[in-house]
Chemist: 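Take this structure first; my questions come after.
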There are 2 protein chains.
Amino acid sequence: MASVFPLADLKASVKSDPRPGSRSDSWVDTIIKGDCVSALEALPSHSVDIIFADPPYNLQLGGTLHRPDQSLVDAVDDEWDQFASFEAYDAFTRAWLLACRRVLKPTGSIWVIGSYHNIFRVGATLQDLNFWILNDIIWRKTNPMPNFKGRRFQNAHETMIWASPSAKAKGYTFNYDALKAANDDVQMRSDWLFPICNGSERLKGEDGKKAHPTQKPEALLARVIMASTKPGDIVLDPFFGSGTTGAVAKRLGRHFVGIEREQDYIDAASARIAAVEPLGKAELTVMTGKKAEVRVAFNVLVESGLIKPGQVLTDARRRYSAIVRADGTVASGGEAGSIHRLGAKVQGLDACNGWTFWHFEDGQSLRPIDDLRSVIRSDLAKAE
Amino acid sequence: MASVFPLADLKASVKSDPRPGSRSDSWVDTIIKGDCVSALEALPSHSVDIIFADPPYNLQLGGTLHRPDQSLVDAVDDEWDQFASFEAYDAFTRAWLLACRRVLKPTGSIWVIGSYHNIFRVGATLQDLNFWILNDIIWRKTNPMPNFKGRRFQNAHETMIWASPSAKAKGYTFNYDALKAANDDVQMRSDWLFPICNGSERLKGEDGKKAHPTQKPEALLARVIMASTKPGDIVLDPFFGSGTTGAVAKRLGRHFVGIEREQDYIDAASARIAAVEPLGKAELTVMTGKKAEVRVAFNVLVESGLIKPGQVLTDARRRYSAIVRADGTVASGGEAGSIHRLGAKVQGLDACNGWTFWHFEDGQSLRPIDDLRSVIRSDLAKAE
DNA sequence: CGTCAGTCTGAATCAAGCA
DNA sequence: TTGCTTGATTCAGACTGAC
């Protein structure tokens with residue numbers, strides 16, 4: 001897993017089995033080293049299910065920026081983020097988006113993340129190329145960097161665009177019911193709240209400094225992948241960087257393909273992905289349709305890591321137990337469903353408040369999962 | 001207030017006093033009836049302080065942007081139609097944005113609101129025209145319309161772009177301190193939470209149906225106007241519609257100019273604005289920080305005797321010390337200079353705010369010399 | 001072992017005024 | 001236009017080390 005694939009070898013491999021849709025599988029679950037567009041052009045047509053792209057933002061920073069305490073802000077000044085003009089950035093964007101569409105299945109979809117520096121150009125280019133925008137999604141950051149000079153609003157979000165390859169492409173995956181069940185039985189909205197990536201999740205080099213300047217949080221990728229793929233799907237990331245997409249895809253039982261130019265990033269991502277333990281099949285079953293009659297309400301706990309997929313919940317007296325799945329449903333015996341339904345089911349009742357019925361192990365004691373919801377609510381309140 | 005101004009009369013009026021920056025005032029606090037670009041071209045250059053624009057996103061596009069996926073139009077016509085439509089929309093956007101910039105003061109700023117159907121094109125056009133994006137702001141709706149088909153995320157937000165007329169235009173108004181104070185003493189973020197406009201605020205016709213399809217909530221406009229204008233400023237809305245911008249501007253003690261083509265909307269907006277009662281001066285006072293306060297130099301403290309020549313200043317932890325000299329400079333070791341330069345020097349930094357760095361003995365405690373500046377300012381205020 | 005205070009840092013288009 | 005001086009300015013969360 002996560003082997004590195006030199007571009008020349010990839011071309012030879014794909015040439016030997018070039019049928020669209022077929023694949024020799026040699027490039028699946030690998031990181032292809034090379035230029036984004038060249039690597040994309042070496043892949044078979046219509047061969048991946050979704051694309052998650054975190055392209056350079058084309059930040060145009062002036063001088064240096066200091067905090068009020070005079071410490072220096074470590075800005076993104078990498079060579080890969082430098083473009084001569086908007087025209088150059090647009091040409092770059094067109095090229096990789098066109099290459100992406102050829103590789104994407106007609107039933108697939110693409111996600112692109114950006115900030116106000118680049119996202120408007122990306123969105124307009126997507127439309128110009130006849131991609132069909134399905135949603136724009138706002139990642140609200142719980143802990144964004146402040147505006148130090150007090151001359152603007154605190155830049156507290158980033159924008160993702162979710163699009164299908166054409167207006168007529170209808171087969172894209174959207175796990176509506178699972179998302180709704182996981183969101184307290186109301187539709188998942190277009191604004192998502194997550195912390196930025198730091199702490200132990202943040203990859204660091206031997207010098208203790210961040211391995212990549214723009215590492216995205218796994219929770220963000222988890223929601224993207226759970227929303228728009230099925231288990232076993234192939235997720236392509238043409239700007240692989242620190243490999244968050246690959247790590248989350250592997251954990252969630254999806255395949256990945258990464259494209260990356262810089263060897264340092266490839267090394268960090270390879271090691272990271274190798275350490276990932278995939279979830280089991282039971283945890284990954286995505287609820288589909290209404291026949292399951294299952295309505296869950298706590299995937300935020302799962303996404304935030306307060307509850308982990310595979311974790312066992314019980315009632316207060318440990319008479320009943322259930323296993324948490326990655327999509328925010330729970331399973332027990334042959335039954336699966338929302339915390340509320342399964343709680344009722346195991347007790348033989350018509351209704352049940354899953355939040356107070358199900359408990360989790362906290363050291364030696366059992367605590368209701370509602371306690372964890374309080375933690376999330378507290379975070380949400382702070383973010384408002 | 002809120003009289004209607006036929007475009008022909010406006011042209012005659014402005015022609016009689018065409019000096020840029022000057023104004024006969026005849027067009028202030030009126031609704032100009034006519035085409036957006038023509039009306040803008042009839043206004044004096046550099047005459048308004050901010051622009052709030054809620055442009056149509058389906059202009060000349062027929063059903064293209066809103067069309068559900070199941071279109072009966074065949075493929076070739078469909079693609080051609082889309083391409084032509086985006087081009088037409090871009091041309092329209094360029095035209096009204098260019099006309100807006102001529103009318104906008106160099107110290108002004110512009111807000112544009114839109115959804116994913118059009119905001120990416122608007123943002124890219126703003127950048128192409130060398131507007132300088134200051135922030136993108138997300139209006140999160142507390143009560144958005146559900147997604148009925150369950151094929152996408154609930155579209156629960158709209159996007160606003162806030163921009164200055166050029167990268168070098170620095171004088172735009174931003175009431176940072178007032179916003180921060182109003183936000184529990186933390187910086188105002190780029191994501192704002194407001195309900196959509198309904199209930200009694202929603203304008204309705206005699207038939208009881210909504211007078212305008214996209215009436216914006218007054219709270220949204222209030223934050224925009226309070227953030228980026230001063231009392232007495234002129235707020236221009238080139239797509240006036242139901243007149244929310246005018247109503248809020250009047251209530252908040254600002255002037256407005258509206259441009260609108262449809263007589264029905266003009267009638268509704270005129271009546272609405274006429275009923276608005278402006279707030280009093282006391283309610284409108286904007287909290288300002290030190291930037292807007294009277295400048296008090298360090299030597300004023302020495303001259304006034306609050307700080308005495310020979311007195312020793314230290315930093316908050318008494319790691320560094322300096323002696324005050326009669327000319328208002330301070331000295332430490334062999335170095336001397338302003339409170340700022342010496343503060344930077346002793347710390348080995350490029351810059352330092354001497355007002356908050358240097359402290360003086362006050363009984364048993366250390367207090368920043370900035371406290372003494374407040375004393376001076378207080379005395380000055382009493383003398384006014 | 002826990003607590004508390006201090007430190008560090010994150011995709012940043014981040015000053016204004018005058019000579 | 002450019003360069004220099006003055007002086008205005010930070011939130012949340014993880015980590016570190018003292019006690």
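A, B, ... follow the sequence lines: proteins, then strands. Residue 1 opens every chain.
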Chemist: Return whichever of B/Gln187 or B/Ser338 has its heavy-atom-nearest nucleotide of DNA chain D closer to the 5' end.
Modeler: B/Ser338
Chemist: Treating primed atoms plus P, OP1 and OP2 as sugar-phosphate and everything else as base, which nucleotides of nucleotides 14-19 of chain D get B, S or - for protein heavy atoms under 4.0 Å?
Modeler: SS----
Chemist: Would a 4.5 Å heavy-atom cut-off, applied to side chains only, mark A/Arg367 and A/Glu361 as touching?
Modeler: no
Chemist: Please report the distance separating the P of C/dC14 from the corresponding atom of D/dG7, rounded so that it comes out in whole Å.
Modeler: 23 Å
Chemist: Given atom CZ of B/Arg341 and atom P of D/dA8, what is their separation to the nearest angstrom?
Modeler: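 To the nearest whole Å, that distance equals 15 Å.
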Chemist: Between A/Trp139 and A/Trp192, is the gap from one ring center to the other below 6.0 Å?
Modeler: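 No, too far apart.
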Chemist: When the C1' atoms of D/dA18 and C/dC1 are compared, how many Å lie between them, rounded to an integer?
Modeler: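 Approximately 14 Å lies between the C1' atom of C/dC1 and that of D/dA18.
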Chemist: For a quick check, tell me whether the side chain of A/Lys216 and the base of C/dA11 share a donor-acceptor pair closer than 3.5 Å.
Modeler: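 Yes, the side chain and the base share a sub-3.5 Å donor-acceptor pair.
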Chemist: Under the criterion ring pair (Phe, Tyr, Trp, His ring centres under 6.0 Å), I'd like the reasoning laid out for B/Tyr320 against B/Trp358: C-alpha separation, chi angles, the key distance, then a yes or no.
Modeler: CA-CA 9 Å; B/Tyr320 309 107; B/Trp358 293 112; 7.6 Å; no
Chemist: Using a 90° cut-off around 0 for syn, call C/dT13 syn or anti.
Modeler: syn
Chemist: With heavy atoms under 4.0 Å as the rule, sort A/Asp77 into base, sugar-phosphate or nothing.
Modeler: nothing
Chemist: Considering only the C1' atoms, how many Å lie between C/dT13 and D/dG13, rounded to the nearest integer?
Modeler: 26 Å
Chemist: Report, as a single string ordered 5' to 3', how protein heavy atoms within less than 4.0 Å touch nucleotides 13-19 of chain C: B base, S sugar-phosphate only, - not at all.
Modeler: BBSS---
Chemist: Contact class for B/Ala297 (heavy atom, under 4.0 Å): base, sugar-phosphate, or nothing?
Modeler: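 If one applies the 4.0 Å heavy-atom cut-off, B/Ala297 turns out to touch nothing in the nucleic acid.
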Chemist: If only side-chain N and O atoms of A/Arg67 are considered, is one of them under 4.0 Å from the OP1 or OP2 phosphate oxygen of D/dA12?
Modeler: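 Result: no.
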Chemist: Could you please name the partner base of C/dA5, counting Watson-Crick and G-U wobble pairs only when both distances are under 3.5 Å?
Modeler: D/dT16
Chemist: Partner lookup for D/dT10, please. Criteria are Watson-Crick or G-U wobble with both distances under 3.5 angstrom; report none if nothing qualifies.
Modeler: none
Chemist: When we call it a touch if two heavy atoms are under 4.0 Å apart, what does A/Pro144 touch: a base, just sugar-phosphate, or nothing?
Modeler: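 Base contact.
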Chemist: Both distances under 3.5 Å, Watson-Crick or G-U wobble: report the partner of C/dT13, or none.
Modeler: none
Chemist: Between D/dC15 and C/dA11, how far apart are the two C1' atoms, rounded to whole Å?
Modeler: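 After rounding to an integer number of Å, I get 23 Å for this pair.
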Chemist: Is A/Lys210 near enough to C/dG10 that one of its side-chain N or O atoms lies under 4.0 angstrom from OP1 or OP2?
Modeler: yes
Chemist: Rounded to whole Å, please give me the gap between CG in A/Leu72 and C1' in D/dT9.
Modeler: 15 Å
Chemist: What is the distance, rounded to the nearest whole Å, between atom CG of B/Asn175 and atom P of D/dA8?
Modeler: 17 Å
Chemist: For B/Leu97 and B/Thr125, which heavy atoms make the closest approach, and how far apart are they?
Modeler: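 Minimum heavy-atom contact is CD1-CG2, 3.9 Å.
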Chemist: With heavy atoms under 4.0 Å as the rule, sort A/Thr214 into base, sugar-phosphate or nothing.
Modeler: base
Chemist: Quick one about B/Thr314 and B/His359 (side-chain donor to acceptor, distance below 3.5 Å, no hydrogens or angles considered), yes or no?
Modeler: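 Judged by distance alone, the side chains do not pair up.
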Chemist: Of A/Pro195 and B/Ile339, whose closest DNA chain D nucleotide lies nearer the 5' terminus?
Modeler: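 In this pair, the answer is B/Ile339.
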Chemist: Donor-acceptor pair, A/Ser71 side chain versus A/Arg67 backbone, under 3.5 Å?
Modeler: no
Chemist: Dump the intermediate steps for ring pair (Phe, Tyr, Trp, His ring centres under 6.0 Å) on A/Phe83 and A/Phe92, then the final yes or no.
Modeler: CA-CA 9 Å; A/Phe83 291 83; A/Phe92 163 76; 5.1 Å; yes
Chemist: Check whether any side-chain nitrogen or oxygen of A/Lys209 sits under 4.0 Å from OP1 or OP2 of C/dT9, and answer yes or no.
Modeler: no
Chemist: Please determine whether a side-chain nitrogen or oxygen atom of A/Arg202 lies at a distance below 4.0 Å from atom OP1 or OP2 of C/dG10.
Modeler: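 Answer no for this pair, as no side-chain N or O of A/Arg202 is under 4.0 Å from OP1 or OP2.
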Chemist: How far does the C1' atom of D/dT10 sit from the matching atom of C/dT9, given to the nearest Å?
Modeler: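 That atom pair is separated by 11 Å.
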Chemist: Considering only NZ, NE, NH1 and NH2 on the basic side and carboxylate oxygens on the acidic side, decide whether B/Lys230 and B/Asp49 come within less than 4.0 Å.
Modeler: no
Chemist: For A/His157 and B/Asp136: C-alpha separation, side-chain torsions, deciding distance, then whether side chain to side chain contact (heavy atoms under 4.5 Å, CB included) applies.
Modeler: CA-CA 9 Å; A/His157 73 275; B/Asp136 58 336; 3.0 Å; yes
Chemist: Taking atom P of D/dT1 as reference, at what distance in whole Å does atom NZ of B/Lys168 sit?
Modeler: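 Interatomic distance, NZ of B/Lys168 to P of D/dT1: 6 Å.
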Chemist: Look at B/His340 and D/dG7 and indicate whether a side-chain polar atom (N or O) is within less than 4.0 Å of OP1 or OP2.
Modeler: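 The answer is yes; a side-chain N or O of B/His340 sits under 4.0 Å from OP1 or OP2.
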Chemist: To the nearest Å, give me how far apart CD (A/Gln215) and P (C/dG10) are.
Modeler: 11 Å
Chemist: Taking the C1' atom of each, how far is C/dA12 from D/dT6, in whole Å?
Modeler: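 Taking atom C1' in both C/dA12 and D/dT6, they lie 23 Å apart.
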Chemist: Between A/His117 and A/Ser115, do the side chains contain a donor N or O and an acceptor N or O under 3.5 Å apart?
Modeler: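 Per modelled atom types, A/Ser115 and A/His117 side chains form a pair under 3.5 Å.
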Chemist: Tell me whether B/Asp128 is salt-bridged to A/Arg121, with the criterion being a basic N under 4.0 Å from an acidic carboxylate O.
Modeler: yes
Chemist: In whole angstrom, give the distance that lies between atom CZ of B/Phe298 and atom C1' of D/dT5.
Modeler: 17 Å
Chemist: Could you state the atom-to-atom distance from CG of A/Asp69 to C1' of C/dG6 in whole Å?
Modeler: 12 Å
Chemist: Taking atom C1' of D/dA12 as reference, at what distance in whole Å does atom CD of A/Gln154 sit?
Modeler: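 Distance, rounded to whole Å: 9 Å.
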Chemist: Base, sugar-phosphate alone, or nothing: which one does A/Glu201 contact when heavy atoms must sit under 4.0 Å apart?
Modeler: nothing
Chemist: Regarding A/Pro55, tell me which of base, sugar-phosphate or nothing describes its non-hydrogen contacts under 4.0 Å with the strands shown.
Modeler: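 Base, at least one base heavy atom under 4.0 Å.
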Chemist: Considering the options B/Ile376, B/Val375, B/Asp370, B/Leu372, which one meets the side chain to side chain contact (heavy atoms under 4.5 Å, CB included) requirement together with B/Val296?
Modeler: B/Ile376
